[in-house]
Number of protein chains: 2
Amino acid sequence: MESKFSEEARQFKALSDETRLAIVDMLRSGELCACKILENFQITQPTLSYHMKILTDCGLVCGRRDGAWVHYSLNGENLKALGDLLAGFSR
Amino acid sequence: MESKFSEEARQFKALSDETRLAIVDMLRSGELCACKILENFQITQPTLSYHMKILTDCGLVCGRRDGAWVHYSLNGENLKALGDLLAGFSR
DNA sequence: CTACGGCATAGAGATTTGTCAATATGAAAA
DNA sequence: TTTTCATATTGACAAATCTCTATGCCGTAG
């Protein structure tokens with residue numbers, strides 16, 4: 001069932017969870033390490049790791065490993081592409 | 001846990017299914033009745049009805065009943081609002 | 001009134017998702 | 001080396017999702 005919007009559906013799915021949407025919103029202010037993100041939510045560390053994997057796998061967030069830490073940031077290019085698709089629906 | 005992005009997450013979830021995303025794409029050309037939409041997919045009528053309910057409940061699509069028919073169209077205002085949120089993530 | 005056509009709802013079942021506790025990995029500190 | 005710290009993975013589970021068949025509802029056409 002290779003659909004026309006397979007990749008975009010996967011990205012929208014990544015944004016369809018309130019926790020992940022709040023994480024993306026946090027990252028607007030710039031790069032953050034996982035432990036800093038975790039402080040803002042009532043979830044366990046493995047649950048955060050699960051969410052970050054979904055966000056990075058679909059290309060909306062980048063992860064940069066620095067020793068034991070991983071710093072996450074928004075992938076502006078892919079976020080813009082998805083925004084453009086959405087903008088095309090309201091014109 | 002009334003989140004900040006509760007409504008937006010619900011709208012992104014509506015767009016996170018390939019079939020629903022293709023339906024929204026179809027509606028770019030203008031209003032369509034359910035039976036016309038159904039012709040383009042390998043799903044049953046109840047399944048389409050299920051998807052249309054999700055799209056209308058979250059406010060991204062409008063349904064206009066005309067006798068036995070229901071004509072669906074995009075809700076440009078809400079689609080634009082969601083697009084603006086996404087645009088805010090890539091700036 | 002009866003029959004039909006378009007759409008919605010109910011119920012069931014298989015799959016996916018989100019969460020946790022427990023554990024593993026891997027780098028840095030002692 | 002041993003310990004500690006940050007993150008990832010595994011396995012389990014409940015809840016949500018998507019799909020179907022069967023059926024109900026309601027306009028409209030005979």
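As the structure is a prediction and not an experimental result, all values here were calculated from the model. Quick note on labels: first sequence line is chain A, next is B, and so on, each numbered from 1.
Using modelled atom types and a 3.5 Å distance limit, the side chains of B:Glu18 and A:Ser3 yield a donor-acceptor pair.
In this structure, B:Ile54 atom CD1 and D:dA16 atom P are separated by 14 Å, rounded to whole Å. The distance between atom CZ of A:Arg20 and atom C1' of C:dT19, rounded to the nearest whole Å, is 12 Å. Atom CG in B:Leu21 sits roughly 17 Å away from atom P in D:dT17 (whole-Å rounding). For the pair B:Asp17 CG and C:dT15 P, the computed distance is 17 Å after rounding to whole Å. One interatomic measurement links the two molecules: CD1 of A:Ile43 to P of C:dC20, which rounds to 7 Å at whole-angstrom precision. Atom P of nucleotide D:dC18 and atom NE2 of B:His51 are separated by 7 Å, given to the nearest angstrom. Rounded to whole Å, atom C1' of D:dC20 lies 14 Å from atom CG of B:Leu38. Spacing between atom CZ of A:Phe41 and atom P of D:dT7 amounts to 15 Å, rounded to whole angstrom units.
Side-chain atoms of B:Asn75 come within 3.5 Å of backbone atoms of B:Asn78 as a donor-acceptor pair (strictly under, hydrogens ignored).
The shortest distance between the side-chain N/O atoms of A:Lys13 and the OP1/OP2 oxygens of C:dT17 is below 4.0 Å.
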Letter by letter from the 5' end, nucleotides 6-13 of chain C scores (B base, S sugar-phosphate only, - none; protein heavy atoms under 4.0 Å) SBBB----
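Looking at residues two or more places apart in sequence or on another chain, you find a side chain to side chain contact (heavy atoms under 4.5 Å, CB included) between B:Asn40 and B:Met26.
Residues B:Ile23 and B:Phe41 are in side-chain contact: their nearest non-hydrogen atoms beyond the backbone lie under 4.5 Å apart. Counting heavy atoms from C-beta on, the side chains of B:Ser49 and B:Lys53 never come closer than 4.5 Å.
Among residue pairs with one or both ends in residues 11-30 of chain A, those qualifying as ring pair (Phe, Tyr, Trp, His ring centres under 6.0 Å) are A:Phe12-B:Phe12; sequence neighbours excluded.
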